[in-house]
Amino acid sequence: MISFENTEIAFRIKNNTELKQSYLLFKTLASNTLVKAGSVFTNAALKVGLPISWAVKPTIYKHFVGGETIESCTKVVNLLGDCNVKSILDYSVEGHHDAASIENALAETLRTIENVAKEPNIPYAVFKPTAFATSEVLEKAAQNLQLDNHEKLELEAFKHRIDILCKRAFELNTPILIDAEDFVYQNLFDEVLFEMMEKYNTKAAIVYNTLQMYRTDRFDFLKNSLEKAKTKNFIFGAKLVRGAYMEKERERASKLNYASPIHPDKESTDKHYDKALEFCIENIDRIHLFNGTHNEKSCILLTQLIEQKGLAKNDPRIYFSQLYGMSDHISFNLAVEGYNVAKYVPYGPIKHVLPYLIRRAEENTSVKGQTGRELNLIMREMNRRKKST
Ligand SMILES: Cc1cc2nc3c(=O)[nH]c(=O)nc-3n(C[C@H](O)[C@H](O)[C@H](O)COP(=O)(O)OP(=O)(O)OC[C@H]3O[C@@H](n4cnc5c(N)ncnc54)[C@H](O)[C@@H]3O)c2cc1C
């Protein structure tokens, strides 16, 4: 069975100074109070235009983000690539929906697709569909509400943009992952992405939809997707994640008085995540799998499923992925064993990636959870290095 315990492998790209910086960062993130205060301060500073990059850039930004532009991520991409860990450059500009930002996001995403075609260390492109229309139109369309003429045009323009991106990915034979965000939009995205898969996934999985397995309906959705793929003769690209918006979804459901779409507890999310992994491997001829998780058990399970099915560790239909700056012990140990691994490497100007960074900080505040694990591993590696000198 694969082990993720080898910290020498896990931190091989970090020198002692960088390791110490990671230690201090996760120590800070472990404090709920500090993270809450930091998030409030950062949001307020942004609103009034206070410069905050001096504090953010050398610390949390450096740890979780590849750079401001595609080109400035090259150093990180090469560093990871030397260890057989690939990169997925994620233009992480969130929450900007005016016409200029939409056009800019489209042009930038096209550049990332073209970059995948040129760069052997980057196996996928990625985008967030909410970057390509206003949230009002997406929400109304996802709920099949009546749109006025202007909104209808906006919806058509949105679908056209998604088609431009998927078509370009198809022409260049570069797979593209489409992130999932709030539940309220996903119906629309599912519908559009089925159309894209029918068009572009006839020979290989180019277009990947994201299934947030914390949703109670997603396992059935996966089964139905397989049926659709068989009937319409396409390959279903499945990016599995547990889901990043649990609290927001629960709050919204309770405020608007509808049943929460999220599993009642972590155990049921985990159970459905692992069931989905099994289902994908059973149907690997029709479903290509991108396993986006920091959960060690799910990663171990996938390595076992690969073996049981008699597949090669580096079967091109299966990828493991973790976020840049998190769970290096999983990524690097998997890569050493010969599995396909890629880090999601966000990039973008500091000001625009802050929502992403705040999510990472908040997600990392629990000492019991991710941060405790990261800190423990970093301390073990620091001790190991001390002893070996
Ligand atoms: C490469 C990659 C790409 C990603 N892309 C997306 C994306 O497109 N969309 C997206 O939403 N997220 C995305 N994420 C984030 C992901 O959804 C998770 O939030 C994050 O990875 C933590 O889950 P885990 O499986 O890594 O770890 P774990 O620590 O095992 O799981 C934590 C997750 O379990 C679930 N959970 C926790 N407590 C409960 C509870 N009480 N009840 C029910 N469920 C619970 C939540 O989903 C929580 O995030 C991505 C993550 C990675 C690594």
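All ligand and atom numbering here is 1-based and tracks the order in the structure. The first residue of the sequence shown is numbered 1, and numbering continues consecutively from there.
One finds no salt bridge joining K271 and E267 here, because no Lys/Arg side-chain nitrogen approaches an Asp/Glu carboxylate oxygen to under 4.0 Å. Looking at R161 and E103, a side-chain N of the basic residue comes within less than 4.0 Å of a carboxylate O on the acidic one, giving a salt bridge. Electrostatic pairing of R168 and E114 counts as a salt bridge here, judged by a charged N lying under 4.0 Å from a carboxylate O.
Within 6.0 Å of NZ on K140 lie more than 12 heavy atoms contributed by other residues, nucleotides or ligands. Dense packing is recorded around CD of Q143, with more than 12 heavy atoms of other residues, nucleotides or ligands lying under 6.0 Å away. Around the NZ atom of K14, the shell of radius 6.0 Å holds more than 12 heavy atoms that belong to other residues, nucleotides or ligands. With a 6.0 Å radius and a threshold of 12 heavy atoms from other residues, nucleotides or ligands, E8 has its CD atom at or below the threshold.
Each of the following atoms of ligand 1 lies closer than 4.0 Å to a heavy atom of D179: 8 (O). Interface of N295 with ligand 1, defined as ligand atoms under 4.0 Å from a residue heavy atom, comprises 26 (O), 30 (O). Heavy-atom proximity to H263, at under 4.0 Å, picks out these atoms of ligand 1: 42 (N), 43 (C). Atoms of ligand 1 found under 4.0 Å from any heavy atom of T210, numbered from 1 in the order shown, are 8 (O).
Atom CD of Q304 is separated from atom SG of C299 by 11.5 Å, given to the nearest 0.5 angstrom.
Here the side chains of T293 and V241 are not in contact, with every heavy-atom distance at 4.5 Å or above.
In terms of protein heavy atoms, atom 9 (N) of ligand 1 is closest to A180 O, 2.8 Å. Of the protein's heavy atoms, L323 CD2, 3.5 Å lies nearest to atom 52 (C) of ligand 1. For atom 49 (O) of ligand 1, the closest heavy atom belonging to the protein is G243 O, 2.9 Å. For atom 4 (C) of ligand 1, the nearest non-hydrogen atom of the protein is V241 CG1, 3.6 Å. When hydrogens are left out, the protein atom nearest atom 25 (O) of ligand 1 is T293 OG1, 2.6 Å; that is the closest non-hydrogen contact. Shortest contact from atom 1 (C) of ligand 1 to any protein heavy atom: S321 OG, 3.2 Å. Of the protein's non-hydrogen atoms, the one nearest atom 15 (C) of ligand 1 is A244 CB, 4.1 Å. The protein heavy atom nearest to atom 33 (C) of ligand 1 is R242 CD, 3.7 Å.
Contact annotation for atom 20 (C) of ligand 1: protein absent (non-hydrogen atoms, distance under 4.0 Å).
Residue-to-ligand polar distances keep I262 apart from ligand 1: every N/O pair is separated by 3.5 Å or more. Ligand 1 has no nitrogen or oxygen under 3.5 angstrom from a nitrogen or oxygen of Q322. At a 3.5 angstrom cut-off on N or O pairs, D270 does not count as close to ligand 1. Ligand 1 has a nitrogen or oxygen under 3.5 angstrom from a nitrogen or oxygen of Q212.
Cation-pi geometry between K228 and F194 is satisfied (NZ or CZ under 6.0 Å from the ring centre, within 45° of the ring normal). Within the cation-pi definition used here (under 6.0 Å to the ring centroid, within 45° of the axis), K275 qualifies as a partner of F219.
Taking the six-membered ring for Trp and thresholds of 30 and 60 degrees, Y200 and F170 have ring planes inclined between 30 and 60 degrees apart. Relative ring orientation between F26 and H63 is described as perpendicular, the plane-to-plane angle rising above 60° on a 0-90° scale split at 30° and 60°. The aromatic rings of Y347 and Y91 sit tilted, their planes meeting at an angle between 30° and 60°.
Put simply, no part of R373 is less than 4.0 Å from ligand 1, judged by heavy atoms.
In T269, the part holding a heavy atom less than 4.0 Å from any atom of ligand 1 is the side chain. Contact annotation for Y273 and ligand 1: no heavy atom of the residue comes within less than 4.0 Å of the ligand.
The closest heavy-atom contact to atom 5 (N) of ligand 1, among the options Q186, H272, K239, E296, comes from K239. Between M246, E247, H294, it is H294 that holds the heavy atom closest to atom 53 (C) of ligand 1. For atom 36 (N) of ligand 1, the candidate residues are K266, K343, E267; the nearest heavy-atom contact is made by K266.
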